[in-house]
Amino acid sequence: MPPGPRLPRIVQTAGFMFGSSPWFIDACRRRFGDVVTFRTLFDSQFVMVFDPALVKELFQGPGEQLRAGEANAMLGPVVGERSVLLLDGSEHLRHRRLLLPPFHGRRMQAFAEAMRRSADLEIDSWPVGEPFALLPSMQSLTLRVIMQAVFGYEPGPAEEDLRRRVRAMVEPLARPRSLALLAALPMLVGREARLNDSFAAARRAVDEVLFAEIARRRALGDEALTDKDDVFSALLLAEDEEGRRLSDREVRDELVTLLLAGHETTATGLAWCFDLVLHAPAVHTRALRREEAYLDAVVKESLRIRPVIPGVGRIVRERPFRLGEYVIPPGIEINPSIRVIHRREDIYPDARAFRPERFLGDDPPDTYSWIPFGGGTRRCLGASFALMEMRIVLARVLERAALRAASPELAKVQFRAITLAPRDGVQVVQDRPPGHAEPDTQPHAG
Ligand code: HEM
């Protein structure tokens with residue numbers, strides 16, 4: 001096993017939980033090297049990886065031996081046991097193959113429209129001349145996008161109703177200190193009949209609508225579904241190599257997965273992106289020209305310096321896994337630290353500086369050094385969707401709204417169970433009413 005601190009588990013747990021920077025992990029990396037064994041109250045032994053070469057070994061390793069689904073088990077009570085996030089091995093690949101196609105091709109164009117429209121609705125709701133928090137606005141924006149792109153709902157009462165139910169289920173999980181709640185969920189849900197706890201009720205409220213909608217759409221027949229642009233309809237029609245389709249339960253689980261994985265993350269990424277841009281005058285000025293390549297670099301650099309998910313996990317099973325010079329036994333979880341790798345000075349000189357130019361040259365960071373979306377056969381299914389959404393929203397806001405940061409300081413990083421979020425939600429001010437929403441809003445190519 002790799003070396004690691006001998007501190008009591010409770011002290012190591014505190015090192016992970018407190019402070020807005022990964023100082024404890026950084027200190028251990030300096031002391032023990034690029035692979036470190038930690039012990040916390042949540043996990044009696046796990047290994048963190050800080051070296052892209054080892055991340056590559058891990059991401060390219062076999063899915064049956066390195067189980068991401070098992071590492072994500074905590075999400076089970078929310079997303080369901082048949083979610084792509086929780087499956088491993090051949091079942092995982094089957095679901096992934098069925099889920100990927102709707103995120104490509106003609107649908108992406110329809111999604112771009114939904115993203116712009118949703119941005120306009122938010123911009124038009126912002127106050128003028130007084131500070132407000134961007135994060136809640138971005139949450140509502142990205143949820144509306146998922147409702148349209150994934151579920152195929154147009155804004156209206158049915159969409160409003162489902163949005164409310166989804167927020168009621170997700171909100172308690174996205175609060176600070178909700179890690180304990182997430183850890184306790186399997187227990188609570190296991191006893192749901194007796195406890196009738198509020199989470200189980202919120203989940204039932206979402207399921208009721210989803211199962212009714214699945215039944216309604218199945219009754220429409222294949223032909224009617226083929227004409228639709230949304231992911232929901234595509235999932236009902238998707239068939240694996242043996243011609244098998246997803247069951248109602250599987251469709252429900254994947255829909256909730258896309259909702260959960262797709263909206264809080266992208267909203268947080270967007271809030272950080274604005275925080276960084278509004279505190280970097282040179283970047284802001286250049287971004288106002290809205291060249292697509294530059295905005296793309298701004299988004300990527302923002303996900304580097306403020307990754308939304310701090311790390312990903314793979315649990316070793318079946319046989320020991322060789323990681324560099326170490327042999328990791330079955331049962332141990334291996335975690336590439338996205339947060340620490342993104343701050344390596346040897347890969348990102350002056351790593352604390354926000355410099356989109358890093359992603360513009362001939363030699364941008366490779367797929368094992370820039371890993372906000374994880375990697376290998378588990379790489380985020382919505383990565384292109386999220387990058388496109390962030391670029392489109394950034395362009396639209398820069399085009400229409402004159403925002404400035406409400407404070408000279410960048411927001412503090414706060415750990416919220418799954419995401420690293422801005423503590424104050426990113427406070428901004430709009431000094432004058434936004435410009436009109438013109439239909440032609442494509443960022444300029446070039
Ligand atoms: C900025 C926004 C986002 C970030 C930072 C993000 C990050 C991640 C990360 C780190 C993983 C785990 C990868 C691994 O274990 O190697 C993941 C998985 C996943 N994400 Fe995202 N994500 C984002 C947006 C989205 C969106 C918009 C969707 C869908 C609409 C989505 C759907 C998924 C799914 C389905 C998985 C599971 C993939 C699998 O297990 O095979 N994500 N994401």
Side-chain angles (χ1 to χ4, degrees), residues 49 55-56 58-61 63 66-73 75 79-80 82-100 102-104 107-108 111 114-115 138-139 141-143 145-151 230-232 234-235 253-273 299-300 302-315 333-339 341-342 367-368 370-394 418-421:
V49 177
V55 171
K56 183 173 179 181
L58 195 71
F59 283 169
Q60 290 187 341
L66 299 169
R67 303 200 178 165
E70 211 182 317
N72 293 333
L75 298 171
V79 296
R82 301 296 294 162
S83 152
V84 68
L85 265 169
L86 260 71
L87 295 169
D88 279 307
S90 56
E91 269 300 278
H92 166 255
L93 285 182
R94 170 176 178 256
H95 275 238
R96 221 179 134 89
R97 281 197 201 106
L98 294 176
L99 275 168
L100 267 172
F103 286 97
H104 291 99
R107 282 195 187 82
M108 288 302 260
F111 296 166
M115 291 162 183
M138 293 298 121
Q139 283 161 341
L141 187 162
T142 57
L143 183 53
V145 167
I146 294 274
M147 286 291 161
Q148 263 183 275
V150 173
F151 288 80
D230 60 85
V231 178
F232 192 158
L235 280 182
D253 286 0
E254 297 306 11
L255 288 172
V256 175
T257 300
L258 295 172
L259 262 176
L260 188 82
H263 98 275
E264 192 76 25
T265 45
T266 314
T268 308
L270 270 165
W272 279 128
C273 188
V299 165
K300 287 179 172 156
S302 153
L303 288 169
R304 175 191 74 83
I305 205 163
R306 292 284 187 276
V308 175
I309 311 268
V312 292
R314 306 287 186 263
I315 296 180
E333 180 165 339
I334 307 176
N335 296 98
S337 171
I338 299 175
R339 215 177 173 192
I341 292 170
H342 282 188
T367 44
Y368 303 105
W370 184 73
I371 49 170
F373 298 106
T377 54
R378 305 301 302 222
R379 186 170 189 265
C380 173
L381 254 155
S384 351
F385 185 98
L387 289 172
M388 178 169 99
E389 181 166 2
M390 289 178 68
R391 215 173 48 229
I392 287 177
V393 173
L394 180 62
I418 306 168
T419 57
L420 293 171

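All figures in this text were calculated on a predicted structure; none of them were measured in a lab. First listed ligand is number 1; within each ligand, the first listed atom is number 1. FYI, side chains are in, hydrogens and waters are out, and symmetry mates aren't considered; it's all heavy atoms of this structure.
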Among all protein heavy atoms, pick the one closest to atom 12 (C) of ligand 1 and tell me residue, atom and distance. V312 CG1, 3.8 Å

Test your reading of the model: is there a side-chain donor-acceptor pair from H342 to the backbone of R304, 3.5 Å cut-off? yes

For ligand 1, note which part of E389 has a heavy atom under 4.0 Å away: side chain, backbone, both or neither. neither

Which heavy atom of R378 sits nearest to which heavy atom of G69, and what is that distance? NH1-N, 3.6 Å

Would you mind running through ligand 1 and noting each atom that sits below 4.0 Å from a heavy atom of F385? 27 (C)

Which residue supplies the protein heavy atom nearest to atom 37 (C) of ligand 1, what is that atom called, and how far is it? L85 CD2, 3.6 Å

Quick one: look at R96 and ligand 1, take heavy-atom pairs under 4.0 Å, and tell me if it's side chain, backbone, both or neither. side chain

for atom 13 (C) of ligand 1, nearest protein heavy atom and its distance come out as R378 O, 3.2 Å

Qualifying residues under side-chain hydrogen bond (donor to acceptor under 3.5 Å, both in side chains), relative to D230, sequence neighbours excluded: R217, S233

Which heavy atom of P336 sits nearest a heavy atom of I371, and at what distance? CB-CD1, 4.5 Å

W370 and K300: which non-hydrogen atoms are nearest, and at how many Å? NE1-O, 3.1 Å

Rounded to the nearest 0.5 Å, what separation is found between the CD atom of Q60 and the OH atom of Y368? 4.0 Å

Considering all heavy atoms, the nearest V145-A114 contact: CG2-O, 4.1 Å

Using a cut-off of 2.8 Å, find all protein N, O or S atoms closer to atom 21 (Fe) of ligand 1 than that distance. C380 SG

Could you work out, with side chain to side chain contact (heavy atoms under 4.5 Å, CB included) as the rule, every residue matching A261, not counting sequence neighbours? none

H92: numbered ligand 1 atoms lying under 4.0 Å from its heavy atoms: 39 (C), 40 (O), 41 (O)

Hey, which atoms in ligand 1 end up nearer than 4.0 Å to a heavy atom of F103? 30 (C)

Report the residues that fulfil side chain to side chain contact (heavy atoms under 4.5 Å, CB included) with L99, sequence neighbours left out, ordered by chain and then residue number. V84, L235, E254, L258, L381

Between H92 and R67, does any side-chain donor sit less than 3.5 Å from a side-chain acceptor? no

Using a 4.0 Å cutoff against the non-hydrogen atoms of G375, which atoms of ligand 1 qualify? 16 (O)

Among all protein heavy atoms, pick the one closest to atom 5 (C) of ligand 1 and tell me residue, atom and distance. P372 O, 3.7 Å

Closest non-hydrogen atom pair between P310 and L420, with its separation: CB-CD1, 3.7 Å

Among R379, R314, H95, R306, whose heavy atom sits nearest atom 15 (O) of ligand 1? R314

Can you list the ligand 1 atoms lying under 4.0 Å from a non-hydrogen atom of T266? 1 (C), 2 (C), 24 (C), 27 (C)

What's the separation between atom CG in L141 and atom CD in E389, rounded to the nearest 0.5 Å? 6.0 Å

